[in-house]
Amino acid sequence: MNSDGMKLVKRVFKLLARLQLWLAVKLVGRWRIPLLIRRRLIFEERSFREWVQQEFGGSDWRTQTLSDTVVQPFHDLFNGPAGGDAYCGGVIFSDIKAQPELRHFRGRRAIDRPLAELASGQPQPVYLEGRQFWCGPLAFHFGHQIADFGSRVLLASVDPRGGELLWCPWLAGSTWDDLKPWQQFLLTYLNPGGKHHRIADAPVLARELIVVPQQARMRSAPTLAHLEALNWCESTLNRRSSGVVYVSRALFAPCRDAATLVGAYAGEALFERILQEKGVTVIHPESLSLREQLEIYLGASALIVAEGSAQHALELLGVHCRKSVVIICRRDQLQGMELPLKARFPRVQFIQAFRSQWQANNEVAWNGLALLDWISVVSAINPLLEASLTQGDCRELQKASEDQFRQLAANVSLKLIDRHD
């Protein structure tokens with residue numbers, strides 16, 4: 001057989017391997033996801049697609065193939081609260097009104113500022129001959145990268161067509177080695193197809209660009225296809241049997257002075273000590289690798305989680321109908337915030353038991369300190385524990401909370417957050 005024949009045979013075998021992976025992902029996902037959840041996800045996705053068609057002049061929300069398309073680094077990201085753009089950059093639109101697959105949504109609201117041309121000061125794009133799959137921004141914010149910006153890559157990875165996974169960094173370096181360890185693991189975990197990651201820190205012109213729409217939007221359930229594929233990714237993890245696990249925020253956010261007031265609820269340090277005395281495993285996710293976190297969550301019989309970025313790691317797992325999950329909130333939850341976890345953990349509870357929330361003057365609300373109603377918290381978690389917390393424990397937690405608040409108020413000028421704003 002000549003060289004051209006050998007190349008053809010190799011291409012055929014590669015295509016067959018990709019098709020085999022795609023089929024395996026679908027079968028594993030179908031087996032793992034109960035019929036009721038499947039039907040609900042299909043209904044919600046169909047409803048969103050119909051809404052998109054109404055909002056975008058009949059354009060469908062589905063995977064599209066674009067030709068000779070310019071992609072630029074992100075011009076802005078996260079800066080919405082300060083008056084900037086929450087999402088601006090990436091693929092340059094040829095028709096802003098008719099390309100919903102490129103838009104960035106939270107719930108049913110587009111939060112991006114589409115660009116119809118390169119931003120000023122950008123160099124000429126570099127031409128890319130090979131097929132590219134658009135994946136979006138790479139950001140150093142753990143929770144947003146998982147829950148907000150990272151859902152295009154998985155279906156792009158298992159797509160039977162060959163090609164590269166195209167990312168644009170935000171305030172980051174341009175090579176794989178510049179990424180943090182959790183980012184490197186995330187991009188590996190969400191790439192079961194083993195495609196090459198291309199990180200572009202300058203404009204590129206892609207001859208062929210495959211655009212998979214967002215498969216997971218904040219304040220929305222994921223698509224069925226995305227959840228099916230996550231079940232496959234999860235199979236690469238080892239379960240770490242750990243009983244009931246509490247995911248603490250106490251070390252990351254002790255909230256005792258201006259430098260450490262980064263969002264928490266008062267009394268958490270004592271809360272984790274009491275839980276340990278009751279046999280609960282307490283972890284601080286910032287001290288663990290992302291793989292270790294996922295393996296602990298996978299093996300836990302139940303999870304109690306202090307609300308924060310760490311909870312979004314749970315969105316990297318598949319469906320677990322029997323696992324109890326309790327999220328202890330430190331602020332009011334926006335409508336739909338429970339939906340991403342509800343699709344994976346039908347028994348999840350979001351406990352909003354705070355009595356008040358305080359923030360530093362000229363700061364943002366999510367960096368505030370909450371004072372909880374500990375009786376309500378304990379009532380929610382006691383059914384998960386072998387040894388229950390007592391009324392005496394609640395009194396100690398109440399006192400520790402008030403002591404922490406007084407210490408903070410002595411160091412920082414605080415104002416009460418109006419929960420009706």
Side-chain angles (χ1 to χ4, degrees), residues 44-45 48 52 61 71 73-82 84-91 100-114 133-157 165-172 179-180 182-183 185-187 189-191 197 199 211-223 225-227 229-230 233 263 285 290 293-294 305 307-317 327 329 331 333-344 350 364-367:
E44 292 177 1
E45 187 174 348
F48 180 69
V52 166
W61 186 73
V71 183
F74 277 82
H75 187 63
D76 199 359
L77 206 66
F78 297 128
N79 204 29
D85 295 308
Y87 185 103
C88 181
V91 182
E101 72 279 358
L102 291 174
R103 302 301 300 272
H104 193 81
F105 296 92
R106 289 177 184 160
R108 291 194 175 186
R109 185 169 70 92
I111 56 95
D112 56 345
R113 180 164 69 88
F133 289 83
W134 173 236
C135 293
L138 281 175
F140 279 98
H141 190 289
F142 179 86
H144 277 283
Q145 184 62 53
I146 294 173
D148 208 7
F149 303 136
S151 69
R152 300 178 190 264
V153 59
L154 184 47
L155 293 194
S157 174
L165 304 173
L166 179 63
W167 300 88
C168 285
W170 167 247
L171 301 180
L179 300 180
K180 292 185 176 182
W182 68 261
Q183 290 178 305
F185 172 78
L186 180 67
L187 267 60
Y189 179 77
L190 295 176
N191 184 20
H197 292 283
I199 303 173
V211 179
V212 178
Q214 274 179 280
Q215 299 298 298
R217 294 168 285 120
M218 294 186 74
R219 303 195 288 278
S220 301
T223 67
H226 184 68
L227 199 50
L230 282 173
C233 295
L290 182 50
Q293 293 174 51
L294 295 181
V305 184
E307 180 222 329
S309 291
Q311 79 188 57
H312 293 298
L314 296 173
E315 295 176 39
L316 297 175
L317 297 180
I327 309 294
C329 303
R331 53 187 168 175
Q333 298 294 291
L334 296 172
Q335 184 177 7
M337 284 297 289
E338 77 285 357
L339 295 176
L341 291 185
K342 193 76 174 177
R344 297 160 170 86
F350 281 72
V364 290
W366 54 83
N367 281 351

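FYI, the numbering just counts along the sequence from 1.
Put simply, the side chain of S220 does not reach to within 4.5 Å of the side chain of E44, judged on heavy atoms. The shortest side-chain heavy-atom distance between P213 and W134 does not fall under the 4.5 Å cut-off. Between R344 and P222, some side-chain heavy-atom pair lies under the 4.5 Å cut-off. No side-chain heavy atom of V153 sits less than 4.5 Å from a side-chain heavy atom of L187. Residues L294 and L314 form no side-chain contact, since every pair of their non-hydrogen atoms from C-beta on lies 4.5 Å or further apart. Under the 4.5 Å side-chain criterion, counting only non-hydrogen atoms from C-beta, L166 is not in contact with C135. Taking the side chain as every heavy atom from C-beta outward, L230 and L190 approach each other to under 4.5 Å.
R108 is linked by a salt bridge (charged side-chain N to carboxylate O under 4.0 Å, His left out) to nothing, counting only residues two or more places apart in sequence or in another chain. For D85, the side chain to side chain donor-acceptor pair (under 3.5 Å) test picks out R113, with sequence neighbours left out. Legend: residues meeting side chain to side chain donor-acceptor pair (under 3.5 Å) with H104, ordered by chain and number and at least two apart, are D148. For R331, the side chain to side chain donor-acceptor pair (under 3.5 Å) partners at least two apart in sequence or on another chain are E307. Qualifying salt bridge (charged side-chain N to carboxylate O under 4.0 Å, His left out) partners for D112, counting only residues two or more places apart in sequence or in other chains: R103.
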Steps toward ring-ring contact (aromatic ring centres under 6.0 Å, His included) verdict (F149, F78): CA-CA 11 Å; F149 303 136; F78 297 128; 5.5 Å; yes
Verdict with supporting geometry, L179 and I199, side chain to side chain contact (heavy atoms under 4.5 Å, CB included): CA-CA 10 Å; L179 300 180; I199 303 173; 3.9 Å; yes
Chi angles and distances behind the side chain to side chain contact (heavy atoms under 4.5 Å, CB included) call for W170, L138: CA-CA 6 Å; W170 167 247; L138 281 175; over 6 Å; no
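Closest heavy-atom contact between L165 and S157: CD2-N, 4.2 Å. When all heavy atoms of L154 and C233 are compared, the pair lying nearest together is CD1-SG, 3.6 Å. The two atoms that bring L227 and L317 nearest to each other are CD1-O, 4.2 Å, heavy atoms only. Of all heavy-atom pairs spanning Q311 and F350, the tightest one is NE2-CE2, 4.0 Å. Nearest heavy-atom pair across Q215 and S151 is N-OG, 3.0 Å. The two residues Q293 and P285 make their nearest non-hydrogen contact at NE2-O, 3.1 Å.
Ring geometry for F142 against W182 counts as perpendicular: the plane angle is over 60°, on a 0 to 90° scale with 30° as the lower cut. Between F48 and F105, the ring planes are perpendicular. Angles over 60° get that label, and only those under 30° would be called parallel.
Between the side chains of T223 and E45, no donor N or O sits under 3.5 Å from an acceptor N or O.
Put simply, the residue from E338, Q335, Q333, R106 that forms a side-chain contact (heavy atoms from CB on, under 4.5 Å) with R219 is R106.
Pairs of residues two or more places apart, or lying in two chains, never qualify as salt bridge (Lys or Arg N to Asp or Glu O under 4.0 Å) while including a residue from residues 134-147.
H197 NE2 to W167 CH2: the interatomic distance, rounded to the nearest 0.5 Å, is 7.0 Å.
The backbone N or O of P137 sits less than 3.5 Å from a side-chain atom of Q145, completing a donor-acceptor pair.
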